[in-house]
Amino acid sequence: MEGYAYEYSHDSSMDSITFSDTEYPRNSYENKNPKERGISKDKLIKNTIVDHVLTQESEFDIDDNLLYSDDEYDEDYDDPYMNSSFIEPISTIKERKGLSKGSVPNLKYECLTTQNIFENMLAKVHHLQPIFNIPPEDILILLQHYDWNEERLLEVWTDRMDDLLIEIGINPSSGNISSSINGNGQMRSISDIIENKNSYCNNQTETNKDENEEYQIPNTRTRDISFKNNFFCTICCEEKSTETFSLECNHEYCISCYRHYIEDKLYTGNIINCMGCTLALKNDDIDKIMGHPSSTKLMLSSIKSFVSKHNRNYKWCPFADCNCIIHLKDTSSLPEYSRLHYSPFVKCINLHKFCFTCGFEIHAPADCIITNEWVKKARVESENLNWVLSHTKECPKCSVNIEKDGGCNHMVCSSCKYEFCWICEGDWAPHGNSFYQCTLYKNDDNNNNNNNSTNTNSITDVNKSLKKYTFYYKMFNEHEVSAKLDWKLGQNVGNKVKELQEKLGISWIEGQFLTDSIRMLNEGRTALKWSFAVAFYSDASHNLTKIFIDNQSLLSKAVEDLSELLQIKDPEIIMKRKTDFYNKTGYVENRTFALMECGRDLLCKGICKAN
Amino acid sequence: MASLPKRIIKETERLVSDPVPGITATPHEDNLRYFQVTIEGPAGSPYENGIFDLELYLPDEYPMEAPKVRFLTKIYHPNIDRLGRICLDILKTNWSPALQIRTVLLSIQALLASPNPNDPLANDVAEDWIKNEQGAKNKAREWTELYAHKKN
């Protein structure tokens with residue numbers, strides 16, 4: 001945890017921001033506890049914005065403490081960027097924490113799996129057992145029936161427990177009993193007690209005793225598998241010597257029909273009843289019939305339907321093959337956040353980040369409405385833009401087909417060695433030393449008229465707007481593709497760190513700056529990507545939009561610089577340029593936050609709105 | 001044709017040998033899973049004296065899956081829509097493999113005797129039924145007269 005300070009040196013590549021020691025004493029990064037460090041970072045970011053970007057205060061008056069959202073979660077989990085045996089030093093996480101990514105401040109949530117939820121339910125059962133005094137698996141069925149809603153179950157339970165037990169099929173109703181008359185007699189006595197309502201408490205202890213006795217009588221005689229010769233099953237209508245199963249109701253069916261029946265029902269999440277009446281099969285029965293523990297499938301599918309029903313508080317992680325469920329305990333503040341154009345970004349234990357409201361990836365600076373609108377538009381227009389989606393471009397000089405397989409936008413044609421910019425396909429020379437402008441949409445009709453002979457001279461408004469969209473979509477797509485490639489790069493960074501360790505004897509912790517850089521690169525790219533959606537829907541003539549676009553350019557440049565840096569393969573050079581890594585990563589972080597806040601400002605002020 | 005499960009054969013045999021009063025079900029000769037069904041309107045209901053045509057199909061998964069039943073005769077009933085689809089719990093969520101073609105058809109006959117406008121499938125009919133029960137019943141009688149076969 002100790003030992004690496006953020007050294008924000010004065011670097012010529014960092015155009016607009018320099019971090020002077022007087023303003024942000026280095027101490028605060030070095031030896032404070034992580035939380036404090038994070039705060040000072042916040043201040044730093046805030047000040048940066050105020051100084052350099054907006055000089056507006058209104059929306060940035062967030063209490064520093066509020067910027068910590070998901071403390072508990074960040075620390076405990078591994079990072080896919082590194083080998084699982086590694087644990088990320090807390091300090092780096094906290095450092096990033098300052099960057100609240102346009103996310104809802106103080107969002108309290110937990111990440112669960114169906115298994116976790118089921119365990120919680122089992123704990124509930126355990127908790128209810130002394131009250132109900134019936135076998136745990138019966139409580140499980142009751143809970144399942146009441147959608148795992150403890151309160152509702154308790155309410156009904158106190159009102160009419162005997163009816164409930166029959167209704168849900170835990171106890172046989174008097175009608176279809178033939179063998180367990182004993183149990184039935186007891187049930188009646190319970191109902192008598194409740195009807196009379198005198199000295200309820202006294203009687204209840206009796207009742208409990210009764211019930212205990214009832215359930216201590218082994219049920220195996222009435223509900224179990226038995227082997228019958230020449231058994232006629234009324235379901236398949238076959239007569240055979242087979243194993244059969246029946247509950248207390250004596251509805252006996254052959255085991256293969258029962259298996260077939262249960263197999264289908266395991267995935268519906270509903271209580272499974274006897275095929276002939278309403279008596280419920282308990283988990284034990286199911287496992288017995290199926291011959292292997294299948295009831296967990298039923299329980300999990302029941303939990304799944306529970307999650308789907310309670311989709312205000314529970315959301316599935318939208319990433320493929322991820323089984324996490326995010327549970328937001330208190331959704332009451334969500335409308336307020338959306339009013340402020342914050343998005344409730346959450347992170348599952350597999351470190352998939354997504355927006356709790358709309359289920360998309362982190363889409364700041366765009367809010368959910370812009371995101372939705374953009375994605376819808378992309379879907380509608382994608383046919384027009386299929387060509388944009390192709391990942392290859394021709395070298396502007398020799399026309400050889402080039403596929404960008406990672407790295408920055410500074411391309412060198414492997415064939416003719418021409419250096420060009422991947423975005424604008426122009427010569428790279430002016431990009432290197434001057435301000436990076438390629439993210440700017442130029443409304444240059446004249447130019448295009450001259451260049452593009454296929455276009456008619458009269459460009460209609462529709463055409464223009466399509467062109468504008470095409471431009472932004474192209475930008476969006478570029479960054480998406482790049483982000484994917486960076487992700488791949490991220491997968492290998494663990495090895496890179498290892499290489500540093502092995503070849504140069506660098507400690508693992510010291511090598512973590514690489515991991516951080518990659519992560520920041522990714523976050524920067526994502527923000528950049530979505531910023532084009534915001535830019536598309538913003539009033540271009542407004543001054544704030546111009547500021548936003550400037551911010552975009554700054555982040556774009558920052559990301560490109562970092563990306564270029566990460567292309568370095570030689571471990572020695574990497575270590576030599578370690579300070580650069582720190583600086584550029586920190587810079588990307590600041591620019592990302594600035595862009596997000598600026599985007600939020602656009603949304604709050606109504607300059608950016610979906611149609 | 002794939003061999004017919006014993007269960008279907010048995011049920012079909014029993015439908016023929018021991019028919020339910022007021023109900024007929026005849027398997028199609030080309031497809032023994034497809035039944036042509038007639039149900040007599042229950043006495044005392046607006047459907048009295050009418051004979052209604054239905055079709056019934058036993059899906060591959062039968063009896064684990066409910067049979068598919070549909071009215072072919074136009075009928076004015078809150079739980080039966082214009083296409084003849086029937087809103088009946090045992091045909092959907094409450095299906096149990098222990099139920100049979102015969103019990104399903106009996107249930108449909110019972111549904112004719114006691115319409116349930118509070119759980120409607122044909123909303124307009126149900127509304128009519130709730131607002132003006134007598135009028136609705138008269139209309140059902142008219143439709144029976146118009147569209148159903150006559151009972152001799």
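Scope of the values below: all heavy atoms of this structure, side chains included, with no hydrogens, waters or symmetry mates. Below, chains carry the letters A, B, ... as their sequence lines are ordered, and counting in each starts from 1.
For residues 119-129 of chain A, heavy-atom neighbours of chain B at less than 4.5 Å comprise no residues at all.
Between the side chain of A/N116 and the backbone N or O of A/T113, at least one donor-acceptor pair lies under 3.5 Å. With hydrogens and angles ignored, the 3.5 Å screen pairs a side-chain donor or acceptor of A/D285 with a backbone N or O of A/K282.
With respect to chain B, the highest number of heavy-atom pairs below 4.5 Å among A/C274, A/C233, A/C236 belongs to A/C236.
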Criterion side chain to side chain donor-acceptor pair (under 3.5 Å) on A/S295 and A/D287, from CA distance to verdict: CA-CA 6 Å; A/S295 55; A/D287 292 345; 3.0 Å; yes
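Heavy-atom distances place no part of B/P5 under 4.5 Å from chain A, backbone and side chain included.
Taking the side chain as every heavy atom from C-beta outward, A/S241 and A/N230 approach each other to under 4.5 Å. The closest side-chain heavy-atom distance from B/F35 to B/L15 is below 4.5 Å. In this structure, A/I286 and A/L266 have side chains that are in contact, with non-hydrogen atoms separated by less than 4.5 Å. Considering only heavy atoms from C-beta on, A/T114 stays 4.5 Å or farther from A/N323 through its side chain. In this structure, the side chains of B/I101 and B/L58 come closer than 4.5 Å at one or more pairs of heavy atoms.
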List, with distances to 0.1 Å, the donor-acceptor pairs found between chain A and chain B - the cut-off being under 3.5 Å and no angle criterion applied.
{"from": "A/T234", "atom 1": "O", "to": "B/R7", "atom 2": "NH1", "distance (Å)": "3.4"}
{"from": "A/I235", "atom 1": "O", "to": "B/R7", "atom 2": "NH1", "distance (Å)": "3.0"}
{"from": "A/C236", "atom 1": "O", "to": "B/R7", "atom 2": "N", "distance (Å)": "3.2"}
{"from": "A/H260", "atom 1": "NE2", "to": "B/E61", "atom 2": "OE1", "distance (Å)": "3.1"}
{"from": "A/M275", "atom 1": "O", "to": "B/S96", "atom 2": "OG", "distance (Å)": "2.1"}

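Atom CD1 of A/I289 sits about 3.5 Å away from atom CD1 of A/I262, to the nearest 0.5 Å. To the nearest 0.5 angstrom, A/I303 atom CD1 is 11.5 Å from A/T296 atom OG1.
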